[in-house]
Amino acid sequence: MSQHQYPSHQRPTVPERASLDGLEGKWDRAWSAQGTYVFKLGTAREDVFSIDTPPPTVSGSLHVGHVFSYTHTDIIARFQRMCGKEVFYPMGWDDNGLPTERRVQNYYGVRCEPSLPYDPDFTPPLEGGKGKNATSQQVPVSRQSFVELCEKLSTEDEKQFEAAWRHLGLSIDWTQTYQTIDHHSRATSQLAFLRNLARGEAYQRLAPTLWDVTFRTAVAQAELVDRDQTGAYHRIGFRLTDGQPAADTDTDTGAGQRVYIETTRPELLPACVALVAHPSDERYQDLFGKHVEVPLFGTEVPVVPHRLATPDKGSGIAMVCTFGDVTDVIWWREMHLPTRAILGWDGRILPEPPMGVDSDRGQAAYKELAGLTVYSAQKRVTEMLRESGDMEGEPKPITHPVKFFEKGEKPLEIIPTRQWYLSNGGTDQELRARLLERGNELTWYPDFMRVRYQNWVEGLTSDWLISRQRFFGVPFPVWYPVDQFGHPIHDRPILPREDQLPVDPASDTPDGYKPEQRGKPGGFIGDPDVMDTWATSSLTPQIATHWRDDPDLYESTFPMDLRPQAQDIIRTWLFSAVVRADLEQHSLPFHNAAISGFILDPDRKKMSKSKGNVVTPMALLDQHGSDAVRYWAASARLGTDAAFEPGQMKVGRRLAIKILNASKFALSFLAASGSGAALTLDPADVTEPLDSAMLAALETVIETATQALANYDHTRALEATESFFWTFCDDYIELVKSRAHGAAGPQAAASAQTALGLALSVLLRLFAPFQPFATEEVWSWWHDDSIHRQPWPVPAELRAGSSAPGDPRILAVAGAVLGALRKAKSEAKMSMRTEITAATVAVPADLTAPAVAAKADVMAAGRTAELTLAASDTEAVELIFAELTQP
RNA sequence: GGGCCGUUGGCGCAGGGGUAGCGCGCUUCCUUGACACGGAAGAGGUCACUGGUUCAAAUCCAGUACGGCCCACCA
């Protein structure tokens, strides 16, 4: 920016009437035709500003929150573009994952069945199906067909999103788009995975896994939410079986001493592998090392000490099951307890009892539960405990937090399964430290959001589970050899070459095999799983910049400059992107993160579809106009939740209209005067003190706005610009009106006209990121090219050479004196056109000279024939006396 | 249980050691040739509470209350 350009101007052609109506369509078409926002390939990295736009879920609906946060990003994009950066502003569509899977199922009446071969001529049974259709009615289709249908449907959805974004005035480069399920994204995702695998960052493990029984898939830590659930403590007695004389504490039965535990999950009794208490818990010292018998099922389990047992929870001694919760997993792992899994993938009790439930009585009891859901099993077990007398008292109802998949409706279970993991610092302390350092390296707007990242990284308990037992998504690019018994050999994966990507192992055949060997002994089998949707979304910087296949574009755009996103996905999208870039590029994926808040409805609740308080963005844009809606969005700071407020939109609309009208007026002088098409606005022509004062004040506004926008503080920039603009309209324009018309001679008129032109040129550019339509409309009256590719204003363009700046106090005090004169008329309930024959206004002593400098303009604007400016020792300008005459 | 934000006129917000600011709304007035989708002038607040630091606290510190969000091992 060393060689800063000033815009050149033409003699304006001002319309009779100015209106906001239809500007969105008009300018969207013009920008599209002119390629105003198209990224220039081959730009050097230092001249590029690249943005990792959040890909909206196209199967979801567009909502006001999108408008809000995407506007914040666009303001920065427009500012950077005007500052001379070539802005890389692509658009992605997220059509990967469960929401799309469900939408495609319902819309086309199909379901994905990866084992089917691809049929290129497939036509879906439905088109435009709404609501749910039963699984039984859905026609199974191959994964490739499903992906094709998804792409087709997404294309329809994308059109609506694109139309809305264009209407809103987002300066996106529509030639740079991607879909998270498209060929390029799948290839990128698989390529990154293969690299992770080669470096040992991705690995498979058979381990207890958080499992959603509805979707029948594993889920990751990042997808968990706690929800309060009602449950009940069941107090259950376990009988000591060894080394203990018949207890006198349990005279009822006369049997061995009983140990009471309290559990909310009695149905897991057959999965019990131990009882655990805190090592220092005096009550249980004698029991450590001894064994007890599990009621009903007869399994013998040890009583063991562990630091994670909480003495004041329940009875202080807990039963360890495989697996009731994540603490069970820790106990099981650390104390090398056996595994007695009793839950299947569908969340029902497995048909066969686990090892250890050997007695006839135990097997009979288990048979009662086999095939039941956990809910029914719990009821049955409770009945059985009641009958056998092993339960003391009745269950005590409680409310407690339970882990759920964020999209799920039933509590998660923990089931041992084989899964793919990716290192994310959950187990590797060195990596964790490095990722924490990345969080420090990243610049956060606002800064306090960094803490959420830190909290999350510090709280990780395991690596990132990236495999999902779903059908739709990016498949793992992996096959396995099949041994002579027909079993896959998991530790000898067969991988594709990078140039073969993307592959679908369910339909593609690995090199060296024939398709008919699929699933056969001695043949091969594809990995059945797909990747977590975040495993692909975490790569949006690499996808958008074409890391995989366009080194030139990648070099000039990666790492990206800006990641704008919502605060709720710091732990998922942002963190996972940092992980991937750290592992692959050894850098941050982006330098700055701008975090937008949520939209709250008037009741201060987060807006959401389920509450029915969502306003559709298009209706909003139509009603208020895009510049108005953008104004509302722009008036909320990053990281701060904002109220949905139509009032702010009205203010924004008023501002846009004012920009049109004030410009029309100011430019009318320049249209009328002089000759020739070119218009020269030379600051040297600004000779009147009031005019220089106004320009001096504007210089400060430029500085404030520029600095604010460079720091992603759009609200401050808007506030400074807007506040100046209203003074400019209400005071300055009124003050110079008659002089600009020539009342004080040609030179004084030229001074006002030039100052109006210079100020307008700057103000329009300052407003351009916020109000792209109104400013572009006005700009078109005196320019051929778009305002959005103009140089951002600098103070120097308002001053001739090395001349001293004007004194901004002149404008301030002139406005105050004019206000005093207006007050006289207002209090007399008279029109502003009323003549004042004589008036005296008290002016603070140090402001008398500045006031005198603008006296002629003040008298003209106030229609005052005789004005006395009396020096006073008060701090404010005050009307002392005025004599009014009716016109 | 831990953490992060916030609490300023009826509403939405800014400010941040030295007489409280903006916008909406409200009141009164003005159909003035840029704008009635306008303009002018007003009324309205002991800046959540309690202590402390200071010559001086809405502002800094500590604590409390309330609201929101994030995280946390479901016995």
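Letters A, B, ... mirror the listed sequences (proteins, then strands); counts begin at 1.
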Exercise for the section: Mind listing the closest non-hydrogen atom pair of Leu385(A) and Pro295(A) along with its distance? Expected result: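 The pair with the smallest heavy-atom distance is CD2-CB, 4.2 Å.
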Exercise for the section: Write down the atom of Arg340(A), the atom of Val301(A), and the distance for their closest heavy-atom approach. Expected result: NH1-CG1, 3.7 Å
Rounding to the closest angstrom, what is the interatomic distance between [N] and [M] at atom [atom1]?
N      : M      : atom1 : result
C69(B) : C74(B) : C1'   : 23 Å
G12(B) : U50(B) : P     : 23 Å
A65(B) : C49(B) : C1'   : 7 Å
U19(B) : G45(B) : C1'   : 15 Å
A56(B) : C73(B) : P     : 49 Å
C29(B) : G16(B) : C1'   : 37 Å
C47(B) : G33(B) : P     : 45 Å
A58(B) : G51(B) : P     : 13 Å

Exercise for the section: Map Arg637(A) and Tyr233(A) onto RNA chain B by nearest heavy atom, then report which one ends up closer to the 5' terminus. Expected result: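 The residue whose closest nucleotide sits nearer the 5' end is Arg637(A).
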Handout entry: Residue whose nearest RNA chain B nucleotide is more 5′ - Pro411(A) or Val451(A)
Key =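 Nearest nucleotide further toward 5': that of Val451(A).
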Can you tell me the distance, in whole Å, between the [atom1] atom of [X] and the [atom2] atom of [N]?
X         : N      : atom1 : atom2 : result
Met319(A) : C74(B) : CE    : C1'   : 12 Å
Glu645(A) : C22(B) : CD    : P     : 18 Å
Asp312(A) : C73(B) : CG    : C1'   : 13 Å
Ile261(A) : C74(B) : CD1   : P     : 16 Å
Phe598(A) : C5(B)  : CZ    : C1'   : 13 Å
Trp456(A) : C70(B) : CH2   : P     : 12 Å
Asp641(A) : C69(B) : CG    : P     : 8 Å

[Y] backbone acceptor or donor facing [X] side chain under 3.5 Å:
X         : Y         : value
Thr775(A) : Gln771(A) : yes
Thr209(A) : Trp211(A) : no
Trp331(A) : Leu275(A) : no
His234(A) : Pro395(A) : no
Trp726(A) : Leu655(A) : no

Handout entry: Geometric class of the His72(A)/Phe68(A) ring pair [parallel <30°, tilted 30-60°, perpendicular >60°]
Key = perpendicular
Practice task
Please state whether the rings of His741(A) and Phe669(A) are parallel, tilted or perpendicular, taking 30° and 60° as the class boundaries.
Solution key: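 Judged by the thresholds at 30° and 60°, the geometry between His741(A) and Phe669(A) is perpendicular.
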In the structure shown, which nucleotide is the Watson-Crick or G-U wobble counterpart of [N], with both distances under 3.5 Å?
N      : value
G17(B) : none
U7(B)  : A65(B)
G1(B)  : C71(B)
A56(B) : none
A34(B) : none
C26(B) : G42(B)

Within the 4.0 Å heavy-atom criterion, would you say [X] contacts the bases, only the backbone, or no part of the nucleic acid?
X         : answer
Arg235(A) : nothing
Arg571(A) : sugar-phosphate
Leu412(A) : base
Gln229(A) : nothing

Problem - Atom pair CG (Leu764(A)) and CD1 (Ile659(A)), whose distance is rounded to the nearest 0.5 Å - result: 7.0 Å
Handout entry: Cationic N near anionic O, under 4.0 Å, Arg265(A) to Glu413(A)
Key = yes
Exercise for the section: State plainly whether the residues Lys737(A) and Glu734(A) are in salt-bridge range, i.e. N to O under 4.0 Å. Expected result: yes
Practice task
Name the closest nucleotide to the Lys823(A) side chain, picking from G42(B), A40(B), G12(B).
Solution key: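 My answer, after comparing the listed nucleotides, is G42(B).
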Output yes when at least one side-chain N/O atom of [X] is less than 4.0 Å from OP1 or OP2 of [N], else no.
X         : N      : result
Arg307(A) : C73(B) : no
Arg452(A) : C69(B) : no
Gln221(A) : A72(B) : yes
Lys650(A) : G25(B) : no

Exercise for the section: Quick one, give me the B/S/- string for nucleotides 26-38 of chain B, reading 5' to 3', where B means a protein heavy atom under 4.0 Å from the base and S means that only happens at the primed atoms, P, OP1 or OP2. Expected result: --SSS-B-BB-BS
Exercise for the section: Could you identify which residues of residues 396-405 of chain A place a heavy atom less than 4.0 Å from some atom of RNA chain B, listed by residue number, or say none? Expected result: Ile398(A), His400(A), Pro401(A), Val402(A), Lys403(A)
